[in-house]
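Below: one structure, written as structure tokens.
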Amino acid sequence: FCQDYFDDFLAARTDGWGDGNVHVCIYVTNGGEMGWTNWDDVESLVDWEGMESCENGDTIGMMLNLEEGTLTVYKNSRRLGVMQTGLSGSYCWHATCCWYINNAPGGSTA
């Protein structure tokens with residue numbers, strides 16, 4: 001997460017965000033970990049029940065259930081598990097694909 005923009009995002013907060021404190025979630029495909037931020041704190045590379053890494057050709061799906069406040073991850077049409085709870089308000093989807101050379105965050109990306 002680029003913390004340079006956290007104050008800008010918090011300044012744009014509206015009632016539509018709901019009362020949740022998780023504003024961004026990421027799923028790290030090469031290790032299966034997750035990360036999240038509430039624009040104040042960052043949790044990166046966190047293990048979660050059901051986490052699995054991905055290989056070339058795998059298909060990842062995510063189901064956002066705002067009635068339950070959960071984000072569930074699927075791999076190749078198989079449910080891995082609930083990656084995040086406590087979600088509420090408006091959300092938008094964003095996807096970024098990159099590969100860490102030597103599988104090391106902070107290393108070179110391709």
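Position 1 is the first residue of the sequence, and the numbers go up from there.
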Starting at [atom1] of [X], measure out to [atom2] of [Y] and round the result to the nearest 0.5 Å.
X	Y	atom1	atom2	answer
T85	L71	OG1	CG	10.5 Å
E52	Y27	CD	OH	7.0 Å
M83	L64	CE	CG	10.0 Å
S88	L66	OG	CG	8.0 Å
L45	M34	CG	CE	10.5 Å
E33	W48	CD	CH2	10.5 Å

message = Taking V82 as the starting point, is it possible to reach W36 by hopping between hydrophobic residues whose side chains are less than 4.5 Å apart?
response =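 No: no chain of side-chain contacts under 4.5 Å links W36 to V82.
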query: How about D8: does its CG atom have over 12 heavy atoms from other parts shown lying under 6.0 Å from it?
result: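 Yes, the 6.0 Å shell around CG holds more than 12 heavy atoms from other groups.
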_Closest approach of L87 to Q84 (non-hydrogen atoms, all atoms of both residues)_ =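 It is CD2-CG, 3.8 Å.
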task = Return the minimal non-hydrogen interatomic distance between E55 and D58, and the atom names on each side.
result =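 Here E55 and D58 meet closest at N-OD2, 2.7 Å.
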Close side-chain approach of T72 to N65, heavy-atom, < 4.5 Å: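 Contact flag for T72/N65 side chains = no.
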Open item on the list: What I'd like to find out is whether the side chain of K75 reaches to under 4.5 Å of the side chain of I60, using heavy atoms alone.
Closed with: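 Yes; the side chains approach each other to less than 4.5 Å.
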